[in-house]
Amino acid sequence: MTKNNTQSKTYNSFGVLTLLKLIQIEADKSHAGVFAILATGDGYKVAFGAGVLTGSGWLETRVLPTLKGALTAALAREWAPTETAVAASSGT
């Protein structure tokens, strides 16, 4: 099981209010306090950052059927190591 899957399972154990608090903590820590939640006809998207509404953040974020799922996915994405960071730490 990957670290990202483990994190997702951990986040799934929390309720929506707790996940919203964690989203706000992440936004405050790394995104100048900015995040957005978009409710579409198909579900929800959550993205971080000041340019999220006009930038590619929405395009990179898939729609999930539940708010809890979208919050969980956003947290797992933010706290998962990026490919660049993993490559840099392994010396490749």
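- Y11 approaches A76 most closely through the heavy-atom pair CE1-N, 3.6 Å.
- Both L22 and V46 are part of a single hydrophobic cluster, where members link through side-chain heavy atoms under 4.5 Å apart.
- Remark: the backbone N or O of A36 is not paired with any side-chain donor or acceptor of K45 at under 3.5 angstrom.
- Ring geometry for F48 versus H31: interplanar angle under 30°, hence parallel rather than tilted (30 to 60°).
- Heavy atoms only, all atoms of each residue included: A39 and Y44 are closest at CB-CE2, 3.8 Å.
- Across every non-hydrogen atom of G33 and D28, the tightest pair is CA-OD1, 3.3 Å.
- Atom CZ of F35 is separated from atom CG of L20 by 6.5 Å, given to the nearest 0.5 angstrom.
- What you find for I23 and A74 is that their closest heavy atoms are CD1-CB, 4.0 Å.
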Inset, instruction - Apply side-chain contact (heavy atoms from CB on, under 4.5 Å) to the pair T72 and L64, showing each step before the final yes or no. - result: CA-CA 10 Å; T72 299; L64 292 166; over 6 Å; no

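- In terms of hydrophobic clustering, with Ile, Leu, Val, Met, Phe, Trp and Tyr side chains grouped at heavy-atom distances under 4.5 Å, V34 and L38 are assigned to different clusters.
- Closest approach of L19 and K68 over heavy atoms only: CD1-CG, 3.6 Å.
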